[in-house]
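What follows is a set of notes on a single structure, which appears directly below.
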Amino acid sequence: QFPRQCATPEALLSGECCPGVFPQLSPDASDQCGFTVGRGLCGPISVDSRPHGPQYQLDGTDDREQWPIRFFNRTCICNGRFYGSNCGSCRPGWTGDNCDQQLVAVVRRNILDLRAEERRRFIGALDLAKNTVHPDYVIATRHYNELIDQERNTTNFQNISIYDFFVWTHYYSVSKTFLGPGQGSAGGIDFSHEGPAFLTWHRYHLMQLERDIQNLLQDPSFALPYWNFAIGGNECDICTDDLVGARSNFDQNLLSPNSVFSRWQVVCEFVEDYESLGTICNNTAGNSIRRNPAGNIARPMVQRLPEPEDVVLCLEVNLFDTPPFFSDSTESFRNTIEGYSEPSGQYNPTVRSLHNLAHLFLNGTGGQTHLSPNDPIFVLLHTFTDAVFDEWLRRHNVDINQYPLEDAPIGHNRQYNMVPFWPPVSNIEMFVLATDNLGYSYDVQWPSQALSSTEIVTIAVIAALCLVAIIFAGVTCAVRRRSGKNEVLQPLLGESYPRYAEDKENTESV
Ligand SMILES: O=C1C=c2cc(C(=O)O)[nH]c2=CC1=O
């Protein structure tokens, strides 16, 4: 959410969050955004005011509208490839004192291809992130009008661990609108699902975690792996103790004690309490992660993982998103990979496919939207979803006009700043090929392409034409052969005729 330097009553009341780069990059403590060293300047935030869709009708009620101006209307605007809340870092994919050296894109690999040591390192990195306070960001635990404690001149922000910050961010983006004391909360709002921002939002969410872990490990080559969940069947192939944890032998809903993740405690568990009390999830640790893959006996449909063929089909859906840009959009690539459509793109209210199916298959913490990132399998499920997104962008020649400019659900328009990321970043900034623009790429073997119905018809027509041509050639040949035989006979006849004539002459002359 917000940099620690901005979590003060003064910063909130001024509406300005422009920290300096002192002392690392500038000797001047009052040098906001590294202005004197050419990094950036403190300027106004532009927000999208184009109309949003009809799902949310409480305009003026929610702190997250026109993000982030309820909290701050000025931020650091960084020059060139300088980046970050104080312009003290570089844009993804760039490094060096002047951010002018291009990094080789880090490669996100299939977690099953990691060697034992690489697996240990990845699991260790997640565990370290779970147990290390985020060095830069703090979270709000109250809505805006209760954020400043006037009497004590303090604010209701808290420290949180790097991994729990990742969880909290997702929770905050999906939580309902608080209507006021005693009035409960209203739905119809989700800044990260059921709309075109589903893909751009989760992309940035993963990038933020990847970068936080790179900084934590001081290793810019650290890359999140992915889980290819489109393997069909009812087995979670990465639910082993060297990866995201096997099933416990003592309780089928819990993780094996041999996995470090069995000791993780979830945050943001008591969503009904937050909704009724008007609070926000805080850093309080709750129960253990629950997971029972394929164990939802009440919903047989979610007992199997998506099939490889489903990925092939969804990559063939041509349009990025279609009106109403929601969970009932049909022939929309976004709604298909999100999982509210048939894998071929046809909207079907009874279907759960691809990403949604993978979540629901987990049947536990990872299947509940406000809680799901607490299960580390979330990271791997979403890197794969992002890999499919990147492959779609590549195959369909990404063009910004494919992303809706207006009338998408609130938070999902092209220019909307994604909630609750800081510094402000809009959806369209993530609608680009990752390798060329975002500093990472994927190593994926995509299942071979199925033939589209047009291709099948074209091939059938060509095959039929070939067949006709072959038959025609055969017939012509046969006829030629037969007439060829005649041609061969003719000279014989020709030759014999005069002989016959000669014979006749001879006969007549006799
Ligand atoms: O965490 C999530 C859980 C989900 C469940 C569904 C569903 O289709 O019912 N979708 C989900 C998305 C999530 O992100």
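Residue numbers count from 1 along this sequence. Because only heavy atoms are used, hydrogens play no part in the values below, and waters and symmetry mates are left out as well, while side chains stay in. Ligands are counted one by one from 1 in listed order, and the atoms in each one are counted from 1 as well. All of these numbers come straight from a predicted model, not from anything done at the bench.
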Cation-pi geometry met for R334 and F198 (6.0 Å, 45°): no
Under 6.0 Å between the ring centres of W201 and H170? yes
Polar-atom distance check: H382 versus ligand 1, any N or O pair below 3.5 Å? no
Proximity winner for atom 5 (C) of ligand 1, if only heavy atoms of L360, N356, L381 are counted: L360
So the atoms of ligand 1 within less than 4.0 Å of a heavy atom of G367 turn out to be 3 (C), 4 (C), 5 (C)
Just need the protein heavy atom nearest to atom 14 (O) of ligand 1, so name the residue and atom and give the distance. H193 NE2, 3.1 Å
Pick, from H355, R352, Q368, the option with the minimum heavy-atom distance to atom 8 (O) of ligand 1. R352
Just to verify, which of L58, I189, V419 counts as forming a side chain to side chain contact (heavy atoms under 4.5 Å, CB included) with I410? I189
Could you check which of T385, T369, T365, L371 puts a non-hydrogen atom nearest to atom 3 (C) of ligand 1? T369
Hey, is ligand 1 close enough to S372 that some N/O pair sits below 3.5 Å? yes
Taking 4.0 angstrom as the limit, do R247 and D241 come out as a salt bridge? no
Using the rule side chain to side chain contact (heavy atoms under 4.5 Å, CB included), only one of S161, P376, P373 pairs with F166; which is it? P373
Distance col, row E118:CD vs I123:CD1, nearest 0.5 angstrom, shows 12.0 Å
